[in-house]
Amino acid sequence: KQWYQRRVAITAGELGIYVCFVQDFLEAFGTNLLILTLEEYHLHPVDILTTVFNHIEVSVPEDLQKFIEDSKTGNTNTGLKNEVGDILPKTKQILSDFYGPYNSQLALLLQNSKYLFNS
């Protein structure tokens, strides 16, 4: 039984069904959680890391901007995207149908519509 429960949890995380984990984290740690998306980090890494440092009440390194600029981004798959192209509309619909209910629950739980991922 333990193996099964652990495998279900790992599978949910691997699939990107985060609402079950966020519920557990909220129960365990209260509302003092900082939840970010990878997209937010990629768009505004300095702002996001500054937010993280402030959230955990650690001083922001003075050279944060330079550190990020000097860091190499790994596993970008840019060549693969050019080869494969955009997602097919049918695939996008299948993914939306699957993740939609979980994303709705997450958006409701966090009271933030950005987790609906409607784009």
Side-chain angles (χ1 to χ4, degrees):
K1 185 176 179 181
Q2 265 184 331
W3 175 87
Y4 173 76
Q5 288 173 334
R6 188 174 65 225
R7 185 65 210 154
V8 169
I10 291 170
T11 302
E14 290 169 352
L15 289 174
I17 302 170
Y18 303 111
V19 67
C20 55
F21 297 106
V22 173
Q23 280 178 309
D24 290 346
F25 293 151
L26 286 171
E27 288 175 16
F29 303 110
T31 58
N32 192 23
L33 290 178
L34 178 62
I35 299 173
L36 307 165
T37 65
L38 189 58
E39 291 81 5
E40 291 171 322
Y41 175 76
H42 282 297
L43 289 172
H44 309 286
V46 173
D47 294 338
I48 294 301
L49 287 176
T50 299
T51 300
V52 170
F53 286 123
N54 290 335
H55 182 77
I56 61 174
E57 298 177 351
V58 173
S59 61
V60 179
E62 291 181 22
D63 60 347
L64 181 61
Q65 176 78 36
K66 181 170 177 15
F67 174 78
I68 290 173
E69 288 171 357
D70 292 346
S71 297
K72 292 181 180 178
T73 303
N75 194 23
T76 59
N77 290 327
T78 52
L80 184 60
K81 182 175 180 353
N82 291 336
E83 287 179 35
V84 175
D86 292 332
I87 189 169
L88 296 173
K90 182 172 176 122
T91 305
K92 188 173 185 175
Q93 186 61 51
I94 290 169
L95 291 170
S96 180
D97 291 345
F98 178 80
Y99 286 109
Y102 301 108
N103 291 343
S104 294
Q105 291 173 20
L106 185 61
L108 183 64
L109 179 66
L110 297 177
Q111 299 176 2
N112 192 328
S113 62
K114 77 178 180 181
Y115 297 106
L116 293 173
F117 301 103
N118 289 328
S119 59

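Scope of the values below: all heavy atoms of this structure, side chains included, with no hydrogens, waters or symmetry mates.
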Say whether [X] and [Y] are linked into one hydrophobic cluster, either directly or through other cluster members, by side-chain heavy-atom distances under 4.5 angstrom.
{"X": "L64", "Y": "I56", "value": "yes"}
{"X": "L88", "Y": "F117", "value": "no"}
{"X": "V46", "Y": "V58", "value": "yes"}

Legend entry - Approximate separation, where rounding is to 0.5 Å, of I48 CD1 and H55 NE2: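 Rounded to the nearest 0.5 Å, the CD1-NE2 separation comes out at 12.5 Å.
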
Inset, instruction - Would you give the length of the straight line joining atom CD1 of I17 to atom CG of L106, rounded to the nearest 0.5 angstrom? - result: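 Here the interatomic distance stands at 11.5 Å.
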
Legend entry - Results of salt bridge (charged side-chain N to carboxylate O under 4.0 Å, His left out) for K66 - residues two or more places apart only: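 Once residues adjacent in sequence are excluded, the partners of K66 under the salt bridge (charged side-chain N to carboxylate O under 4.0 Å, His left out) criterion are D70.
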
Inset, instruction - Flag the pair L108 / Y115 as yes when at least one side-chain heavy-atom distance between them is below 4.5 Å, and no otherwise. - result: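 With C-beta onward as the side chain, the pair stays apart.
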
Inset, instruction - Would you check if N103 and Y18 make a side-chain contact, meaning some heavy-atom pair closer than 4.5 Å? - result: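 Of all side-chain heavy-atom pairs linking Y18 with N103, none is under 4.5 Å.
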
Legend entry - Which residues share a ring pair (Phe, Tyr, Trp, His ring centres under 6.0 Å) with F98, sequence neighbours left out: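 Scan of F98 (ring pair (Phe, Tyr, Trp, His ring centres under 6.0 Å), adjacent residues dropped) gives Y102.
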
Legend entry - Which residues share a side-chain contact (heavy atoms from CB on, under 4.5 Å) with N54, sequence neighbours left out: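 So N54 forms a side-chain contact (heavy atoms from CB on, under 4.5 Å) with T50, V60.
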
Please set out all donor-acceptor pairs under 3.5 angstrom arising from side-chain atoms of residues 22-39, sequence neighbours excluded.
from : atom 1 : to  : atom 2 : distance (Å)
T37  : OG1    : E40 : N      : 3.1
T37  : OG1    : E40 : OE1    : 3.3

Inset, instruction - Please identify each residue that fulfils side chain to side chain donor-acceptor pair (under 3.5 Å) with D97, with sequence neighbours left out. - result: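 Partners of D97 under the side chain to side chain donor-acceptor pair (under 3.5 Å) test: Q93.
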
Legend entry - Nearest non-hydrogen partners of A107 and S113, listed with the distance: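 That would be CB-CA, 4.3 Å.
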
Legend entry - Smallest separation among heavy atoms of P61 and F53, with atom names: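 Smallest interatomic distance, heavy atoms only, reads CD-CE1, 3.6 Å.
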
